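So you know, we letter chains A, B, ... as the sequences are listed, proteins then strands, and number each from 1. From a predicted model like this one, the values you see are computed outputs, not experimental measurements.
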Amino acid sequence: MKRREFLALTAVAACGPSKPPAAPPAAKIEDVLGRALDAAKRAGATYADARVVRTRDQTVSTREDHVVDVRDDARYGIGVRVLLVVPSESGATQAWGFAASANVDGPSAARTAERAVQLARANAGPRKRPIILAPVARYTDRWATPVAVDPFAITIAEKAELLREIWAEARLVRGAKYMDAHTRVIGEDKTFASSEGSLITQRITRVEARYEVTAIDETKNDSSTRASELAPMQAGWEHVSKSSLKQSARKIAEDAVEKMRAPSVVAAKRDLVLAPSNLWLVIHESIGHSTELDRVLGYEANFAGTSFAAPDQIGKLEYGKDNVSFYADKTTPGGLATCAYDDDGEKTQKWRLVDKGKLAAFQTTRDQASWIGEKRSRGCSYAEDWRSIPFQRMPNVSLEPGDKDVSLDDIIAATDDGVLVSGDGSWSIDHQRYNFQFGGQMFHAIKGGKLAGALRDVAYQSNTIEFWHSCDMLGGARHFTLHGSLVDGKGEPAQSNPVSHGCAPARFRNVNVINTKYDKT
Amino acid sequence: MSGRGLEIADRVLALAGKTGAQASVIVRESETAHVRFAASEITTSGEVTATDLRLELAFGQRHASSSIDQVDDVSLASLVSRTAELAKASPEDPEYVPPLPPQRYVQNAHAWDESTAALPASKRAAWARAAISRADEASRLQSDGKDSLVCAGYVETRARRSTLATSTGLRAEHRGTWASMTTTMRTPDGKGSGWAGAEETRAEDLDPAALAATAADRAKRSRAPTKLDPGRYMVVLEPAAVANLIDFLVEALDARAADQGRSFFSGRHVGDAIFDSRVTLRSDPLDPRTPGCPWDPDGVPLAPTTWIEGGKLKQLHYTRFWAKHRGRAPTGGHGSYVLSSSEPTAPTPAALLAGVKRGLLVTRFWYTRWLDPRQVLITGLTRDGVFLIEDGVPTRAVNNFRFNDSPVKMLSRLVTATQATWRVPSDGDAMRVPVVCCDDFEMASTSDAI
């Protein structure tokens, strides 16, 4: 790459929509990263990478008709990661070290790199499993989220007005008493350089708009909430402005009231019809997390847990019948985890995690590929910000739609006695990903192929393997939608990873539907 | 850390003064260092030094806040101009309350430990190695692998200085240190798992070897669990499990939600007997064992506050706006909580267990989430050691469970609690709780996880 091209590349990071209050001149970023890598090498690192990362996170929050909070948070700094080989009596030992600083200048970057080496040295010791980095090509590139309307260019007043207009609709529904709402825009600009010669700049833009209406029945001292279902997405403001967020306000408020007055569900084994706005979270917890290789091999045992899946079960472990396949994809347009390169500098990819019901692969980073005999990383390394160590994080994980053009209405029509669940509610799964329990936003009884009124106090509980085996109807590709979350926690220190999951509506037979009312009399 | 928080805050206020806005600045200087270990070896280590600065500006009822982590002159000037621009563009907020005038705060000298703030990396590595050695030793002694162990864990030390300054002349400072270690020991066959953890203000108060021994013991005893059906059980909850549930109760003590009819406390009043008559829940930033910051982000002085006393609701949490709206005094946002029981209590955990004819001993919970806020109903799972208690003795390991139950019910069906309390590792609030025995706890389904 010519120097002029590089300047243009790094200028993206310095002058993008998420620019910090005071960015150093763009040309210095190359030098800063170079100083960090040089210092790391001089101090003894056999490998080093450095990231200059800027994040901007803007939230506008409202209660009913007024703004209660406007926040605009900027973070800017450099993180340096080093791999050290230390000679010892028992042979060479290795260790990772990481240090980070908010001072993005050459001398500070060099000191930060030296500190990372010092920390690695303090922690070096005999290794039971050597650190082997899977080879990666040398990349010089840039990438950005396709954005039609820069969400940071939309004024606070415009964002607030959207939320107030939503309340103006919702409040027309008798019984709808309160509404909490927010818009959130996150910009992430990252320039990555490695001692192996890669230099990659990426700008990621994510948007979210969400509201929750509370219905109150003062005579019965009762209340109920119903949240909107627009998924957060990697996109510009057009994702919000072209959505039906505002148009659905009255319906959301009506749902809140209807749910409050609905009969309490009768706990029993029932057929479940899950809308994509609910099913995505089951995919996330049961498939996404169980196929993280660090978790599988005990590297999250102290916090996020382990997994029921194991490397020697590839091709054997049946997650479900042959009608269910799941794929990982960090290239999905709009996906919250989508990017061109991961934080190891590896190109992002798409691959099957579960193929026709059977475990097919895991999620890996460069230092994990060799653990299961793979030659190349799957490109799943991610660090939340400049202060964070990159490690294996979940790509977008989705359920392949069925091969027939089946819609949600078709599934309901084919169901004699069941419950339809839409929207995400309470969620919880055990530390090996067997037992899960999910709620939702809205619940409807299905009788004789038709919706038969709302229900309340609904949750469903199952076991990952049992649940996916019970899937007998899958919606078609036309009904496939992405949902997701801006926050998914893992690791120590805890880090957040935005991630999306796509699916079509689906049906599950004989699932344990529970009544969440504690005193059922 | 530079210790320049007040100087930085004053520079920001000087710039903000030119805008004519009401201003409030919080500066947080922090040094955080960690060692992580898994598969019985150190995996990552890191150190982050940061200065985080949040500015809130208000023009009348129009307000906004921005934060940065750069403190050079250009960045500070840009922060002020950007925040002013956002505040002016924001619609009026009837809930905005201007900054407080100067307040009196009482500092807790126990919150800071110099040697913890300056702890060398080698010390953290040594703690991690204490756990690794414990697992390696167990594995070496057992040639048949029967009692081998694999360990994972996390060691962290933090030092933080916080400064609050406002355009109304309020100035507040606080500094605190934290040292924590948690470790999970598992049998290589995946059939046993045990956990232990601790958090202290002073690093020297941590005992890594004892934590490793406790986790190892639980791992070995938890092997090959017996299948037990779901149902309602008498449970003995270790402090980590108790604190996890109390977190939700603290969140539920919100006066606004109660007054608006959307909370468990709607329709209930101060003085109502809701919990067992022995139960008390307090906050006290001056407590030497769970020291807290004596002011909240609004500058409200945090006085010792009793939320539940003798089983009766004593106080709900009031923000400044809601307090003004309801004609009450604000409680401030507390950061430390202590749950305790009056007599009769059990003098020791062993004495508490001795009184249980049949029940479950739970090490900790995992993935706890709201199931229904109106009932303070929580779901979650047991993890890293559940043992059947028979005639006062934990006799064997049993499977893990999912529970659907409530901290309100836990405290209203209290059988016994220990006299002593333990501080529990926490990312947020500092919490000290006893071992609690309560009846009729709903284990709703079983889990195959170990």
Out of [options], which one racks up the most heavy-atom pairs below 4.5 Å with chain A?
| options | result |
| --- | --- |
| B:Ile132, B:Asp372, B:Val71, B:Asp52 | B:Asp52 |
| B:Ser266, B:Ser122, B:Ala87 | B:Ser266 |
| B:Ala128, B:Gly261, B:Gly197 | B:Gly261 |
| B:Ala39, B:Gly153, B:Ala89 | B:Gly153 |
| B:Thr32, B:Thr83, B:Leu86 | B:Leu86 |
| B:Val150, B:Thr379, B:Thr382 | B:Thr379 |

So which part of [X] gets closer than 4.5 Å to some heavy atom of chain A, the side chain, the backbone, both or neither?
| X | answer |
| --- | --- |
| B:Arg54 | side chain |
| B:Gln375 | side chain |
| B:Ser40 | both |
| B:Arg364 | side chain |
| B:Val48 | both |
| B:Leu377 | side chain |

Tell me, for [X] versus chain B, whether the close heavy atoms (under 4.5 Å) come from the side chain, the backbone, both or neither.
| X | result |
| --- | --- |
| A:Glu300 | both |
| A:Tyr299 | both |
| A:Arg164 | side chain |
| A:Glu285 | side chain |
| A:Ala95 | neither |
| A:Trp427 | both |

- Item | Exam field: side chain B:Ser447 to backbone B:Phe401, donor-acceptor pair closer than 3.5 Å | no
- Message: Does the structure place the NZ or CZ of B:Arg262 under 6.0 Å from the centre of the six-membered ring of A:Tyr178, at an angle of no more than 45° from the ring's axis?
- Response: yes
- Is the charged tip of B:Arg383 near the ring of B:Trp195: under 6.0 Å from the six-membered ring centre and within 45° of its axis? no
Considering only heavy atoms and a distance below 4.5 Å, find which of [options] pairs most often with chain B.
| options | answer |
| --- | --- |
| A:Asn123, A:Val67, A:Leu297, A:Thr112 | A:Asn123 |
| A:Ser101, A:Ala102, A:Pro493, A:Ala494 | A:Pro493 |
| A:Thr225, A:Asn512, A:Leu119 | A:Leu119 |

- Kindly indicate, with the supporting measurements, whether the criterion salt bridge (charged side-chain N to carboxylate O under 4.0 Å, His left out) is fulfilled by B:Arg232 and B:Glu442. CA-CA 4 Å; B:Arg232 295 204 170 193; B:Glu442 186 176 343; 3.2 Å; yes
- Query: Could you walk me through whether A:Arg129 and A:Asp367 pass the salt bridge (charged side-chain N to carboxylate O under 4.0 Å, His left out) check?
  - Reply: CA-CA 11 Å; A:Arg129 176 180 275 153; A:Asp367 59 345; over 6 Å; no
- Message: Only heavy atoms, only distances under 4.5 angstrom. Which residues in residues 428-437 of chain A are near chain B?
- Response: A:Ser428, A:Ile429, A:Asp430, A:His431, A:Gln432, A:Arg433, A:Tyr434, A:Asn435, A:Phe436, A:Gln437
- Taking atom types as modelled and ignoring hydrogens, do the side chains of B:Asn244 and B:Trp366 form a donor-acceptor contact shorter than 3.5 angstrom? no
- Enclosure of B:Lys123 NZ (heavy-atom neighbours >12, cutoff 6.0 Å): no
